[in-house]
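To start, the structure under review is shown below, and the notes come after it.
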Amino acid sequence: DVSVRVEVKGDDELAQLGKAIQTLANDLAYLKQERSEFLASISHELRTPLTYVKGYADIARRPHLAEDERMTYAAIIYEEAEKIEKMVKDLFELAKLERHSFQIETQPTDLCSFFAKLCEKLRPAFQEKSLSLVCRCPGSVTAAIDQERFEQVMINVLDNARKYAFPGTTVEIAVHPQKREVVVAVSDQGAGIPPEDVPRIFERFYRVDKSRSRISGGTGLGLSIAKEIVEAHGGTITARSEQGKGTTIIMTLPEGS
Ligand code: ADP
């Protein structure tokens, strides 16, 4: 139980208090609405893969089914279960981030060697899709990052670039040191995003092309996780995109002295 005593002197203060209570009530109503929409999205998003799992499991258990057919159904069930697993993992991560129960442990990091290592690790996955992954970093640039968390950000952003870039093109990570911050830009030459969708891609579960994303296994949570982490660093993340040309995700990070 919480009890609060407020002393109000005069009509002015009373009016101010009234306004403050009204703002609080509005905020609470907004949060309640957001929470219920979020829960509705989760059930909706889980329902689709679950429908596949249930449907194909039902077919797969029919007697007299050819072995190869049964294997095909098992493969689909496995794939859909993997999507559910990824979504549950992403949701758990997001919940943790939003509760702010996670600790960002930043340390001054040389971004050039950080990205060089990351590119080396991720390059085979890009080559598999006939993409080159390059990192342009001018010598040594220091930023204050939580290396593990920021790697997660980069993986989420680069995973999209890998998914949507046209084969044969280059995905580039460019690092630009500014006065008090460092700008990191990840560009791809690919499908791009329609202008009306660009501001929304950092929202939870937002996907531009639901059917295309479904095939590529997207949950629509990757960029909202990236945003939470970048903002916890005191940074920003935005997108620029041109349909049919490509997308650039731009992050700023506080300089790490
Ligand atoms: P997902 O897990 O579906 O990729 P994200 O939150 O990472 O979810 O991204 C949200 C949506 O933004 C994607 O479904 C996709 O439609 C769009 N998107 C993100 N990055 C790119 C990109 N580099 N090129 C084209 N579309 C992108």
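Ligands are counted one by one from 1 in listed order, and the atoms in each one are counted from 1 as well.
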Pair up each side-chain donor or acceptor in residues 222-238 with any protein partner under 3.5 Å, not counting sequence neighbours, and list the distances.
from, atom 1, to, atom 2, distance (Å)
Ser224, OG, Leu221, O, 2.9
Lys227, NZ, Glu231, OE2, 3.3
His233, ND1, Ile229, O, 2.8
His233, NE2, Asp146, N, 2.9
Thr236, OG1, Thr252, OG1, 2.6

Output side-chain donor-acceptor pairs under 3.5 Å for residues 171-180, partner residues at least two apart or in another chain, one line each.
from, atom 1, to, atom 2, distance (Å)
Glu172, OE1, Arg136, NE, 2.7

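Residue Gly220 places a heavy atom under 4.0 Å from ligand 1. The shortest heavy-atom distance from Asn156 to ligand 1 is not under 4.0 Å.
Atoms of ligand 1 lying under 4.0 Å from any heavy atom of Ile201, numbered from 1 in the order shown and given with element: 6 (O), 10 (C), 12 (O). Against a heavy-atom cut-off of under 4.0 Å, Lys163 is close to the following atoms of ligand 1: 4 (O). Taking a cut-off of under 4.0 Å to the non-hydrogen atoms of Leu223, the atoms of ligand 1 that pass are 5 (P), 6 (O), 7 (O), 9 (O), 19 (C). Close approach of ligand 1 to Gly192 is summarised as follows: ligand atoms under 4.0 Å from at least one heavy atom of the residue are 25 (C). Listed by number with element, the atoms of ligand 1 under 4.0 angstrom from any heavy atom of Asp188 are 22 (C), 23 (N). Listed by number with element, the atoms of ligand 1 under 4.0 Å from a non-hydrogen atom of Tyr206 are 10 (C), 11 (C). For ligand 1, the atoms sitting less than 4.0 Å from at least one non-hydrogen atom of Leu221 are 6 (O), 8 (O), numbered in the order shown with element in parentheses.
Note: no N/O pair closer than 3.5 Å links Arg207 and ligand 1 by distance alone. Considering backbone and side-chain atoms alike, Val208 places an N or O below 3.5 Å from some N or O of ligand 1. For ligand 1, the polar-atom distance check finds no N/O of Ser224 at less than 3.5 Å from any of the ligand's N/O atoms.
Salt-bridge annotation for Glu45 and Arg207: present, with a side-chain N of the basic residue lying under 4.0 Å from a carboxylate O of the acidic one.
In the model, Asn156 has a side-chain atom that pairs as donor or acceptor with a side-chain atom of Gln152 under 3.5 Å. Side-chain atoms of Glu37 and Gln33 include a donor-acceptor pair closer than 3.5 Å.
Taken together through direct or relayed side-chain contacts under 4.5 Å among Ile, Leu, Val, Met, Phe, Trp and Tyr, Phe205 and Val88 form part of one hydrophobic cluster. In terms of hydrophobic clustering, with Ile, Leu, Val, Met, Phe, Trp and Tyr side chains grouped at heavy-atom distances under 4.5 Å, Ile250 and Ile145 are assigned to different clusters.
A distance-only check finds a donor-acceptor pair linking the side chain of Thr23 to the backbone of Lys19 [under 3.5 Å].
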